[in-house]
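Note that this is a predicted model, so its numbers are computed, not measured. Only heavy atoms go into these numbers, but all of them, side chains included; no hydrogens, no water, no symmetry mates. The chains referred to below are lettered A, B, ... by the order of the sequence lines, with proteins before strands, and numbering in each begins at 1.
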2 protein chains.
Amino acid sequence: MKKSSIPPKDPLQAFGRRLAELRKEQGISQEQLAYMSGVARSYVSGVERGQRNISLINITRLAEALQLPASKLLE
Amino acid sequence: MKKSSIPPKDPLQAFGRRLAELRKEQGISQEQLAYMSGVARSYVSGVERGQRNISLINITRLAEALQLPASKLLE
DNA sequence: GTGTGACTATTAGTCCGTA
DNA sequence: ATACGGACTAATAGTCACA
């Protein structure tokens, strides 16, 4: 991106924390979530740590694996 | 990876329709939204038509430009 | 069970047009 | 004002070995 004006990295960390929180609520590991959603385990790790700018399709995949609406992950 | 393992594609169109809807509610043009959020106008167009897999950072930027929570765009 | 750096292939996102 | 391309660059997806 070229416009580093307002919100660069915080949304990623917020999303990551939220994801980890919801995942743990269901008592599943990153490994299991990765398998269920069809993404790499190390990718789940990176997302939860706010180091990856996840795309809408993968947000949706994770939400489905957790059986939650995608919007829930952004709250 | 199992690209066909879990449903993709629809979420993009759902998001695009939702974005267009919320944008029009505020009487804003794609051009204005693009400018306010710092993304390319042609990109907003592509996103609204469900042709682009937008990332979390840009979802957040659009949400801020519309002065709405990001989760609202995914509902 | 998780964090991290490195890596390649793919795509997100830009900028230029045309209609 | 919007749709839709092409060409381009930067960033993401996805994987791996190792900590």
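Within 4.0 Å of A:Arg49, counting heavy atoms only, lie sugar-phosphate atoms of the nucleic acid but no base atom. Here A:Ser45 lies in heavy-atom contact (under 4.0 Å) with a base.
Rounding to the nearest 0.5 angstrom, the gap separating the CG atom in B:Leu33 from the CG atom in B:Leu66 is 5.0 Å.
At whole-Å resolution of the value, CD1 in B:Ile59 and P in D:dA11 are 18 Å apart. Counting to the nearest Å, the C1' atom of D:dA3 and the CZ atom of B:Arg23 are 12 Å from each other. Atom OH of B:Tyr43 and atom P of D:dA11 are 14 Å apart (whole Å). The nearest whole Å value for the distance from the CZ atom in A:Arg52 to the P atom in C:dA12 is 15 Å.
For C:dG13, the OP1/OP2 oxygens have a side-chain nitrogen or oxygen of B:Asn58 closer than 4.0 Å. A sub-4.0 Å separation between OP1 or OP2 of D:dT12 and a side-chain N or O of A:Gln51 is absent. For B:Asn53, a side-chain nitrogen or oxygen approaches OP1 or OP2 of C:dA12 to under 4.0 Å.
You won't find any donor-acceptor pair under 3.5 Å spanning the side chain of B:Arg41 and the base of C:dG13, going by distance alone. Side-chain N/O atoms of A:Ser42 and base N/O atoms of D:dC16 include a donor-acceptor pair closer than 3.5 Å.
Nucleotides of DNA chain D nearest to A:Val47 and B:Val44 differ in position, and the one nearer the 5' end is that of B:Val44. DNA chain D is contacted by both B:Ser29 and A:Leu56; B:Ser29 maps to the nucleotide lying nearer its 5′ end (nearest heavy atom per residue).
Under 3.5 Å, the side chains of B:Arg49 and B:Ser45 contain a donor-acceptor pair of N or O atoms.
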_The test is side chain to side chain contact (heavy atoms under 4.5 Å, CB included); show your working for B:Glu64 and B:Arg61 and say whether it passes._
CA-CA 5 Å; B:Glu64 285 189 356; B:Arg61 288 201 171 128; 5.8 Å; no
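Distance alone, capped at 3.5 Å, places no donor-acceptor pair between the A:Arg41 side chain and the A:Ala34 backbone.
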